[in-house]
**Q** 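Sharing a structure with you now.
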Amino acid sequence: MKRVIIVDPSSLGVGEASDAAKFNSVSADMLGHIANKVGGRFKLPTLTRLGLGNIRFGNPVVGISPVEAPLGFFGKVQVATNRNNLNSGLREMFDYQSAVRVTSAIDSLVYQGNGVNRSVVISTYDSYIFNQDLSTILPANNDVKAFKTLHQQVVTPSNGLIYMRLNGLQACCKQADIEGCAKSLRFVDQQLAQLINELYSTDLLLITSSFANDPTYSTTPTREYLPLIAYVPSNSEGHSLGVRKSLADVAATLVDIFNLDASAAFIGSSFLGELT
């Protein structure tokens, strides 16, 4: 694999995490509550084919059923950090322990990549993201512009990382706009269908969320399991990745793919070997 594309529809959660009680999030279920309120009109065909419904096997979401042969590898993530804010998961996703210090995979794959790798970040302003010194920052203040920028980047051959953090779903959750949340997820689903057709055989697409936010709850964000879907164009016969113990598993996988220097104390567990 030469390039990893991460799509982060921030706010997307798939049900209360095991430590939900500590964060006033018992019975929180961002995806399930939206689906129940919208009803049969709620369909996400691309994410369903990739395995989103399989994550909730045994507790299906209305309109998003498990499929027999998912195109993607699927699982869910328990955030490890004891903090629960809008950026704690993001740091957990990309920070890792190198041999000498805690550093960011976003910058490290450029620094250690001998001039071959790029890190491209597509996002609204965020101090953590915009302080990545070696990454190319492409501002996008809405999801339409973000995906337009992503499509332009993906069709151009490159090595490294492309990370896109969407804000449309987050804005709707903040306003408790259920219909808006459903509309935002449908748009993401449509764009993912196009994105899949643009990928190169050496790409890895990861779809996960840096935090959850159930719009039916007053708590922001809510402590939920986060979805994890991995799509490998050269291997479209997915299976379960289980329950991951930390978003740092994403960083660990980047460390594996790009052969980054990492300390033995690093908590993340790579799932690269499971994508075959």
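We're numbering straight along the sequence, starting at 1.
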**Q** I need the Leu204 CG to Leu272 CG distance, nearest 0.5 Å.
**A** 8.0 Å
**Q** Indicate the atoms forming the closest heavy-atom contact of Ser269 with Asp249, along with that distance.
**A** N-OD1, 2.8 Å
**Q** Verify the ring-centre separation between Tyr128 and Phe94: is it less than 6.0 angstrom?
**A** no
**Q** Mind checking the NZ-CG spacing from Lys183 to Asp143? Nearest 0.5 Å is all I need.
**A** 11.5 Å
**Q** State, without any angle test, whether Gln78 and Ser18 hold a side-chain donor-acceptor pair at a distance under 3.5 Å.
**A** yes
**Q** If you define the side chain from C-beta out and look only at heavy atoms, does anything of Thr46 sit under 4.5 Å from Gln191?
**A** no
**Q** Classify the ring geometry between Tyr217 and His33 as parallel (under 30°), tilted (30 to 60°) or perpendicular (over 60°).
**A** parallel
**Q** Leu86 versus Pro221: any side-chain heavy-atom pair under 4.5 Å?
**A** yes
**Q** Counting distance only, does the side-chain N/O of Asn87 pair as donor-acceptor with the main-chain N or O of Leu90 below 3.5 Å?
**A** no
**Q** From Met30 CE over to Thr222 OG1, what is the distance, rounded to the nearest 0.5 angstrom?
**A** 8.5 Å
**Q** Cluster question for you: counting only ILVMFWY and a side-chain heavy-atom cut-off of under 4.5 Å, with indirect links fine, are Val4 and Leu134 together?
**A** yes
**Q** Do the side-chain N and O atoms of Ser210 and Arg165 include a donor-acceptor pair separated by under 3.5 angstrom?
**A** yes
**Q** When you compare the side chain of Val120 with that of Leu161, does any pair of heavy atoms fall below 4.5 Å?
**A** no
**Q** Please identify which of these residues, Asp8, Leu228, Leu12, meets the side chain to side chain contact (heavy atoms under 4.5 Å, CB included) condition with Thr208.
**A** Leu228
**Q** Would the distance check show the side chain of Thr149 and the main-chain N or O of Lys145 forming a donor-acceptor pair, the cut-off being under 3.5 Å?
**A** yes
**Q** Are any non-hydrogen side-chain atoms of Pro70 and Leu50 less than 4.5 angstrom apart?
**A** no
**Q** Do the side chains of Leu31 and Val62 join up, straight or via other hydrophobic residues, at under 4.5 Å, putting them in one cluster?
**A** no
**Q** Pair Cys173, Cys181 - check side chain to side chain contact (heavy atoms under 4.5 Å, CB included), show working.
**A** CA-CA 6 Å; Cys173 288; Cys181 289; 3.6 Å; yes
**Q** Distance from Ile207 atom CD1 to Leu52 atom CG, nearest 0.5 Å?
**A** 9.0 Å
**Q** Step through the shown structure and confirm whether more than 12 heavy atoms of other residues, nucleotides or ligands are within 6.0 Å of OH on Tyr200.
**A** yes
**Q** Taking Ser209 for the side chain and Ser11 for the main chain, is one N or O donor matched with an acceptor at less than 3.5 Å?
**A** yes
**Q** Could you check whether any side-chain heavy atom of Ile5 comes within less than 4.5 Å of a side-chain heavy atom of Leu206, counting everything from C-beta outward?
**A** no
**Q** Determine, stepwise, if the pair Arg41 / Arg186 fulfils side chain to side chain contact (heavy atoms under 4.5 Å, CB included).
**A** CA-CA 11 Å; Arg41 297 179 289 115; Arg186 289 189 196 103; 4.1 Å; yes
**Q** Short question: side chain of Asn167, backbone of Gln170 - any donor-acceptor pair under 3.5 Å?
**A** no
**Q** List the steps, then state whether side-chain hydrogen bond (donor to acceptor under 3.5 Å, both in side chains) holds for Gln194 with Glu198.
**A** CA-CA 7 Å; Gln194 178 180 337; Glu198 295 168 338; 2.9 Å; yes
**Q** Give me the atom names and distance for the closest heavy-atom approach of Ala80 to Glu92.
**A** N-OE2, 3.0 Å
**Q** With side-chain hydrogen bond (donor to acceptor under 3.5 Å, both in side chains) as the test, would you mind laying out the steps for Asp214 and Thr216 before giving the verdict?
**A** CA-CA 5 Å; Asp214 187 334; Thr216 69; 2.7 Å; yes
**Q** For Leu247 and Phe211, run side chain to side chain contact (heavy atoms under 4.5 Å, CB included): C-alpha distance rounded to whole Å, both residues' side-chain angles, the deciding distance at 0.1 Å, then the answer.
**A** CA-CA 10 Å; Leu247 268 175; Phe211 63 88; over 6 Å; no
**Q** If hydrophobic clusters are built from ILVMFWY residues whose side chains come within less than 4.5 Å, do Val154 and Val144 share one?
**A** yes
**Q** Find out if a path of hydrophobic residues (ILVMFWY) with successive side-chain heavy-atom gaps under 4.5 Å connects Leu169 to Leu44.
**A** yes
**Q** Working to the nearest 0.5 Å, report the span between CG of Leu192 and OH of Tyr231.
**A** 11.5 Å
**Q** Do the side-chain N and O atoms of Glu224 and Ser25 include a donor-acceptor pair separated by under 3.5 angstrom?
**A** no
**Q** Evaluate the side-chain proximity of Tyr96 to Thr103: yes if any heavy-atom separation is below 4.5 Å, no if none is.
**A** yes
**Q** Are His151 and Val155 packed together at the side-chain level, in the sense that at least one heavy-atom pair is separated by less than 4.5 angstrom?
**A** no
**Q** Quick one: does Ser135's side chain have a donor or acceptor within less than 3.5 Å of a partner on Gln132's backbone?
**A** yes
**Q** Run the numbers on Glu274 and Phe73 for side chain to side chain contact (heavy atoms under 4.5 Å, CB included), then give the verdict.
**A** CA-CA 9 Å; Glu274 300 177 51; Phe73 299 81; 5.8 Å; no
**Q** Do Leu254 and Ile106 have side chains that get closer than 4.5 Å, going by heavy atoms?
**A** no
**Q** Compare every heavy atom of Val77 with every heavy atom of Ser246, then report the nearest pair and how far apart it is.
**A** C-CG1, 3.5 Å
**Q** In terms of hydrophobic clusters joined by side-chain contacts under 4.5 Å, are Leu47 and Ile6 together?
**A** no
**Q** Any donor-acceptor pair under 3.5 Å linking the side chain of Asn141 with the backbone of Thr124?
**A** no
**Q** Side chain of Ser236, backbone of Val232: donor and acceptor closer than 3.5 Å?
**A** no
**Q** Are the charged groups of Arg223 and Asp19 less than 4.0 angstrom apart, N to O?
**A** yes
**Q** Return the minimal non-hydrogen interatomic distance between Phe42 and Ile64, and the atom names on each side.
**A** CE2-CD1, 3.6 Å
**Q** What distance do Arg49 atom CZ and Ile196 atom CD1 have between them, rounded to the nearest 0.5 Å?
**A** 7.0 Å
**Q** Are Thr219 and Asn24 close enough that a side-chain donor and a side-chain acceptor fall under 3.5 Å?
**A** yes
**Q** Mark yes or no for whether Asp261, through its side chain, and Ser98, through its backbone, hold a donor-acceptor pair below 3.5 Å.
**A** no
**Q** Is there a donor-acceptor contact under 3.5 Å from the side chain of Ser119 to the main chain of Asp107?
**A** no
**Q** Search all heavy atoms of Leu205 against all heavy atoms of Leu195 and return the closest pair with its distance.
**A** CD1-CD2, 3.8 Å
**Q** Measure across Asn54 and Pro66 and return the closest heavy-atom pair with its distance rounded to 0.1 Å.
**A** OD1-CA, 3.5 Å
**Q** Please evaluate residues Gln153 and Ser158 with respect to the criterion side-chain hydrogen bond (donor to acceptor under 3.5 Å, both in side chains), reporting the C-alpha separation (whole Å), side-chain torsions for both, the decisive distance (0.1 Å), and the verdict.
**A** CA-CA 9 Å; Gln153 291 294 317; Ser158 64; 6.0 Å; no
**Q** Is there a donor-acceptor contact under 3.5 Å from the side chain of Asn117 to the main chain of Gly113?
**A** no
